[in-house]
Number of protein chains: 2
Amino acid sequence: MDQNTDDVRRKRPPERDLDAMDRKLLGVLVEDATTSYAELGERVGLSPPAAHERVKRLRRSGAIRRVSALIDPEAVGKTLLAFVHVDTTGWGKTQALLAIEECPEVEEIHSVAGDTCMLLKVRTESTHALEGLLARLYDTPGVKATRSYVVLSTYLERPVQPGTTGDWPAVVKG
Amino acid sequence: MDQNTDDVRRKRPPERDLDAMDRKLLGVLVEDATTSYAELGERVGLSPPAAHERVKRLRRSGAIRRVSALIDPEAVGKTLLAFVHVDTTGWGKTQALLAIEECPEVEEIHSVAGDTCMLLKVRTESTHALEGLLARLYDTPGVKATRSYVVLSTYLERPVQPGTTGDWPAVVKG
DNA sequence: ATTTTTGCAGAATGAAGTTCAGCAACAAGA
DNA sequence: TCTTGTTGCTGAACTTCATTCTGCAAAAAT
């Protein structure tokens, strides 16, 4: 048999939990995904083919979503970053979502708990362009109100890291 | 001569504005940075070495900040995502910043204009861990108040794209 | 204890990345 | 206008890396 006999696999089959070595590999690849398997293996204490095998598994399992070139927003003219809180009516929410997804300047859409409904991360080339986006938002049925937070400067911006952050002190068990 | 005779180079020397071909290359590399130069060239209409040359320039100029493996937060146990607004006193701000940067669960720190001072993007393994982080924040001198928006679900999450979004209609010139 | 599976090392193959030499288009200057 | 220098490209060469395969050893299951 080559595959699982029972093909009841979830969307992202964990296939096994990540061990310490997987995390080390991820750590290196997050920093620089162009690292050769030779160096990769050397860094974590594995032979090149072994490293290759594990990375392949990490890709298959979905732990590595994609390998991407991270580009400088300034270099492509996206000088303005803003977070936009959106309040939607009853549940024109789904409708609004579909419309917002079409906007190329929207990088992230989250549904949040708190005094607002949705949270957008948005990049534009200018304040004018942001105004344009907001205008489009207000024209979207289901959108009740928005509140924008324009970023003055970014102090930290790091990708998702592997490695556990640990639990807070005193966890009380039932 | 091999290098520039005048070594007066800025941090990120634009070295020339990006043309349409550069943007196309970036577009491909953002989607999949493992694309071979052969295919890369084919996609944009260039020979492999030419594509290589341009990509090398994009890296040197800083337009490509890094090539990174994007990892699934769920896969490494970071199941909770939250945005935290932080209000700081007078200007204990700098002090607070330094402390916050040390927290590994903080992915982004922005200084924003609006009814709050700083905006944090935070990933933790649990609500407990978030509570722990907030506790640490409150213990930080200079931190006056925080407001958290816990993400219920993420609908869109895309990396920085090249390509211009255009200007909003009617730009009134002086 | 035996069988099966899993993961790794080492060597071989194939396919990239990378460099080089030569050429064409363009810009600056005489 | 002709010259000179620069820039960016192609095609071929060379080198390095990715990838596959065989065999082995340790762990898991029976």
Side-chain angles (χ1 to χ4, degrees), chain A residues 1-9 13-70 75 162, chain B residues 1-9 12-71 75 162:
Chain A
M1 263 139 274
D2 45 345
Q3 308 277 82
N4 286 348
T5 49
D6 57 331
D7 240 37
V8 189
R9 54 186 68 181
E15 209 174 298
R16 181 188 307 89
D17 261 11
L18 276 50
D19 61 10
M21 183 133 295
D22 288 322
R23 304 224 179 218
K24 279 205 278 184
L25 286 170
L26 287 176
V28 176
L29 290 177
V30 164
E31 291 308 311
D32 182 8
T34 69
T35 311
S36 73
Y37 289 114
E39 188 182 336
L40 198 52
E42 203 173 329
R43 291 262 202 100
V44 303
L46 237 51
S47 73
H52 181 229
E53 185 61 36
R54 291 187 89 114
V55 172
K56 228 165 48 177
R57 200 175 61 198
L58 288 169
R59 274 200 291 245
R60 267 205 318 272
S61 72
I64 296 179
R65 281 184 167 161
R66 75 208 298 198
V67 175
S68 173
L70 271 43
Chain B
M1 264 145 270
D2 45 343
Q3 307 277 83
N4 287 348
T5 49
D6 57 331
D7 240 37
V8 188
R9 52 186 69 179
R12 218 181 334 90
E15 210 177 297
R16 182 189 306 89
D17 261 11
L18 276 51
D19 61 9
M21 184 135 292
D22 288 323
R23 305 224 178 219
K24 279 205 278 183
L25 288 170
L26 287 176
V28 176
L29 291 177
V30 164
E31 290 310 310
D32 182 8
T34 68
T35 311
S36 72
Y37 289 115
E39 189 182 335
L40 198 54
E42 204 172 330
R43 291 263 204 98
V44 304
L46 237 49
S47 73
H52 180 228
E53 185 61 36
R54 290 188 90 114
V55 172
K56 229 167 45 180
R57 199 175 63 197
L58 288 169
R59 273 200 290 246
R60 268 204 319 271
S61 73
I64 296 179
R65 280 186 168 158
R66 75 212 293 198
V67 175
S68 171
L70 270 43
I71 80 183

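Every heavy atom of this structure was used, including side-chain atoms; hydrogens, water molecules and symmetry mates were not. Below, read A as the first sequence line, B as the second, and so on, with proteins coming before strands; counting in each chain starts at 1.
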Note to self: Without decimals, in angstroms, what is the distance between B/Asp19 CG and D/dT7 P?
What the structure shows: 15 Å
Margin query: Can you give me the closest heavy-atom contact between B/Ala75 and A/Leu18, atom names plus distance?
Written below: O-CD2, 3.7 Å
Note to self: Of the options D/dG8, C/dA16, D/dC17, whose atoms approach the side-chain atoms of B/Arg54 most closely?
What the structure shows: D/dG8
Note to self: Using every non-hydrogen atom in the two residues, find where A/Ser68 and B/Val30 come nearest and quote the distance to one decimal.
What the structure shows: OG-O, 2.9 Å
Next item on the list: Answer yes or no: does a side-chain N or O of A/His52 lie under 4.0 Å from OP1 or OP2 of D/dT19?
Entry: yes
Checklist line | Cationic N near anionic O, under 4.0 Å, A/Asp22 to A/Arg54 | finding: yes
Next item on the list: Pick base, sugar-phosphate or nothing for A/Pro49, based on heavy-atom distances below 4.0 Å to the nucleic acid.
Entry: base
Next item on the list: Flag the pair A/Arg43 and A/Glu39 as a salt bridge only when some basic side-chain nitrogen lies within less than 4.0 angstrom of an acidic carboxylate oxygen.
Entry: yes
Next item on the list: Identify whether any heavy atom of A/Ser47 sits under 4.0 Å from a base atom; if not, whether one sits that close to sugar-phosphate; answer base, sugar-phosphate or nothing.
Entry: base
Notebook entry, point to check: Whole-Å distance between C/dA16 P and B/Asp32 CG?
Noted result: 13 Å
Note to self: Using whole Å, what does the distance between atom P of nucleotide D/dA18 and atom CD of A/Glu53 come to?
What the structure shows: 15 Å
Checklist line | Whole-Å gap separating P (D/dA18) and CD (A/Glu39) | finding: 10 Å
Item checked: D/dG8 phosphate, OP1 or OP2, under 4.0 Å from B/Arg57 side-chain N/O -> yes
Item checked: Spacing between B/Leu46 atom CG and D/dG11 atom P, to the nearest angstrom -> 11 Å
Check: Would you say a side-chain N or O of B/Lys56 is under 4.0 Å from OP1 or OP2 of D/dG8?
Finding: no
Check: B/Met21 has an atom CE; how far is it from atom P of D/dG8, in whole Å?
Finding: 13 Å
Check: Quick one: A/Tyr37 OH to C/dA11 P, roughly how many Å, whole number?
Finding: 21 Å
